[in-house]
Amino acid sequence: MLPALRRCRPGPALRAALGPAAPPGPGLGLGPGPAWGLRLVPARGRKTRHDPPAKSKASRLKVPPPVDPEELLVVTERYRRHRLVLGALRAEFKAEVLQKKREALLSREDSRELSEEHRRLMAWNEAENARQRARREERIRKEEEEQKRQKLQAAENKARIMEAFLKEKEKEVLQLQEEAKTFITPENLDARIEECLDNPRNYNFAVDKDGRIVKRTVLS
């Protein structure tokens, strides 16, 4: 309380306004001293960080206020747009400042040398671009020729394979036509039966590992 009362001591201007009842002196209204302390309400000092909390707030738990998710989403989007706009403005202003600096640099005494060097570099750049363009066109032309050659080779291989396939199928058809001459049909069924009866064959025989007939039964 004493430090607070000391802070409430009036200055010279306030003592002049209070009149003779507030002569200068070290008194604080306690015991023998001036009576100005009774006319003023002392201001209460703030707590330090080491003071304990009040008894009425000892068990208080600070809970942050609830946040609406929709409102938070809207505010976040607005802040994002705000930052984007500010970033674009800063970039624009920065580009303008840099452009002014470059213009000021070109306007100096060595602007002629810089312009000459710039023209020389631009000429070299154009020549290099032309050389690279010629190389690129030559490479593209060679790639197109190689692709055409590969396509032609693939077409020839495909035609050759198709021709061989057709020849093989034609050979199979001719062989099948030749074999069809010996097929048994309803027209020659009787003749083939008589031929089999006239020329009996014995298929009851034994063969060795080399496929030679080693034993045959006699037809009865």
Side-chain angles (χ1 to χ4, degrees), residues 67-189 191-193 195-196 201 203 205-214:
V67 179
D68 188 5
E70 297 181 358
E71 182 179 358
L72 178 60
L73 182 61
V74 172
V75 172
T76 304
E77 180 64 20
R78 289 181 179 178
Y79 273 124
R80 187 185 67 82
R81 293 181 180 177
H82 176 69
R83 288 192 294 269
L84 289 177
V85 172
L86 286 183
L89 290 175
R90 291 192 185 98
E92 183 68 22
F93 293 154
K94 184 177 180 180
E96 184 177 356
V97 171
L98 293 177
Q99 181 66 22
K100 289 182 179 179
K101 287 183 178 180
R102 284 193 294 267
E103 291 176 356
L105 182 62
L106 292 176
S107 63
R108 293 180 182 177
E109 296 179 355
D110 56 349
S111 60
R112 183 178 302 175
E113 297 178 0
L114 293 176
S115 300
E116 185 65 26
E117 184 179 2
H118 177 71
R119 285 193 296 269
R120 181 175 57 81
L121 292 177
M122 288 299 295
W124 176 83
N125 189 22
E126 292 177 358
E128 187 67 17
N129 289 338
R131 187 177 67 85
Q132 294 295 337
R133 182 170 58 253
R135 291 181 57 188
R136 182 171 60 254
E137 292 176 354
E138 181 67 18
R139 176 175 54 81
I140 293 174
R141 186 182 61 79
K142 291 182 179 180
E143 290 178 356
E144 291 178 353
E145 292 179 356
E146 182 66 20
Q147 290 179 359
K148 290 181 180 179
R149 189 186 63 79
Q150 291 180 359
K151 289 181 180 179
L152 183 60
Q153 185 69 24
E156 292 178 357
N157 294 337
K158 186 176 181 180
R160 192 180 301 108
I161 294 173
M162 182 60 65
E163 184 179 359
F165 177 76
L166 292 177
K167 287 182 179 180
E168 183 69 22
K169 291 301 180 182
E170 184 179 0
K171 183 178 179 181
E172 291 179 0
V173 170
L174 294 176
Q175 183 178 0
L176 185 61
Q177 290 177 355
E178 187 68 23
E179 292 177 355
K181 295 179 181 179
T182 60
F183 288 171
I184 298 176
T185 60
E187 290 78 8
N188 61 1
L189 179 61
R192 296 300 297 274
I193 291 175
E195 181 180 356
C196 290
R201 293 185 180 182
Y203 296 98
F205 53 83
V207 297
D208 57 4
K209 293 181 179 180
D210 297 330
R212 295 189 297 270
I213 297 176
V214 296

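Not measured: the values here are computed from a predicted model.
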>> Taking Ala191's backbone N and O only, do any of them form a donor-acceptor pair with Asn188's side chain (distance below 3.5 Å, no angle check)?
In response: no
> Where is the tightest heavy-atom contact between Arg212 and Asp208, given as atom of each residue plus distance?
Replying inline: N-OD1, 2.7 Å
>> I'd like to check the side-chain contact (heavy atoms from CB on, under 4.5 Å) partners of Leu166; sequence neighbours left out, ordered by chain and number.
In response: Met162
May I ask you to say whether [X] pairs ionically with [Y], meaning some side-chain N is under 4.0 Å from a carboxylate O?
X: Lys142; Y: Glu145; answer: no
X: Glu163; Y: Arg160; answer: no
X: Glu146; Y: Arg149; answer: yes
X: Arg192; Y: Glu195; answer: yes
X: Glu77; Y: Arg81; answer: yes

Under 6.0 Å from the [atom1] atom of [X], do we count more than 12 heavy atoms belonging to anything else shown?
X: Phe165; atom1: CZ; result: no
X: Glu92; atom1: CD; result: no
X: Gln150; atom1: CD; result: yes
X: Arg139; atom1: CZ; result: yes
X: Glu128; atom1: CD; result: yes

> Can you check side-chain contact (heavy atoms from CB on, under 4.5 Å) on Val74 and Arg78, steps first, answer last?
Replying inline: CA-CA 6 Å; Val74 172; Arg78 289 181 179 178; 3.5 Å; yes
Rounded to the nearest 0.5 Å, what's the gap from [atom1] on [X] to [atom2] on [Y]? Could you check?
X: Gln132; Y: Asn125; atom1: CD; atom2: CG; answer: 10.5 Å
X: Glu179; Y: Glu172; atom1: CD; atom2: CD; answer: 10.5 Å
X: Arg136; Y: Arg131; atom1: CZ; atom2: CZ; answer: 11.5 Å
X: Phe183; Y: Leu176; atom1: CZ; atom2: CG; answer: 5.5 Å
X: Leu84; Y: Tyr79; atom1: CG; atom2: OH; answer: 14.5 Å

> Under 3.5 Å, is there a donor-acceptor pair linking the side chains of Glu143 and Gln147?
Replying inline: no
Side-chain touch [X]/[Y], heavy atoms, less than 4.5 angstrom:
X: Lys101; Y: Val97; result: yes
X: Ile184; Y: Leu189; result: yes
X: Glu96; Y: Lys100; result: yes

> Pick from Glu138, Glu137, Glu144: which one makes a salt bridge (charged side-chain N to carboxylate O under 4.0 Å, His left out) with Arg141?
Replying inline: Glu138
>> For Arg133, give me all partners under salt bridge (charged side-chain N to carboxylate O under 4.0 Å, His left out), at least two apart in sequence or on another chain.
In response: none
>> If the condition is salt bridge (charged side-chain N to carboxylate O under 4.0 Å, His left out), which residues does Glu126 pass it with, not counting sequence neighbours?
In response: none
